[in-house]
Amino acid sequence: MQLYFYTQIKNMKNFKVILIAVLVTILLAACNNDDNNEDITPTVNKQGAVETAVTVLPLDSLNDVLITKHAVWYKGNKLKDIEYRDTV
């Protein structure tokens, strides 16, 4: 009787190891690093778009200034320039 339970426990340990190996393999396959970034474009669609630029400048030894600039385009005209400054 003890041999039966020992065999069952040993089989469960093997099953857990196999299951973990399969799950790790699936996780690594799902994290495939394709460089298909569809958000980056070579030019701005000036018929209707918001162009964004981000810059970081040092302020002192502990802080930096984060500058975010937005240009709003509509029908070929720049409607508005927006600039935000934050201390990081």
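The line from CD of Glu83 to NE2 of His70 is 10.0 Å long, rounded to the nearest 0.5 Å. Rounded to the nearest 0.5 angstrom, Asn63 CG and Asp86 CG are separated by 12.0 Å. Distance check, rounded to the nearest 0.5 Å: OH of Tyr74 to CG of Asn45 gives 12.0 Å. Atom OG1 of residue Thr68 and atom CZ of residue Arg85 lie 10.0 Å apart, to the nearest 0.5 angstrom.
Hydrophobic clustering, with ILVMFWY side chains joined whenever heavy atoms are under 4.5 angstrom apart, groups Val88 together with Val54. Leu62 and Leu59 fall into different hydrophobic clusters, where Ile, Leu, Val, Met, Phe, Trp and Tyr residues are linked whenever their side-chain heavy atoms come under 4.5 Å apart, directly or through other members.
In this structure, the side chains of Leu27 and Leu23 stay at 4.5 Å or more apart for every pair of heavy atoms. Here the side chains of Ile20 and Val22 are not in contact, with every heavy-atom distance at 4.5 Å or above.
No donor-acceptor pair closer than 3.5 Å links the side chain of Asn77 to the backbone N or O of Leu79.
For Asp81, the salt bridge (charged side-chain N to carboxylate O under 4.0 Å, His left out) partners at least two apart in sequence or on another chain are Lys78.
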Kindly determine whether Leu57 and Ile67 satisfy side chain to side chain contact (heavy atoms under 4.5 Å, CB included), including the steps that lead there. CA-CA 8 Å; Leu57 300 174; Ile67 302 170; 3.6 Å; yes
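Using a 4.5 Å cut-off between side-chain heavy atoms of Ile, Leu, Val, Met, Phe, Trp and Tyr, Trp73 falls into a hydrophobic cluster with Val44.
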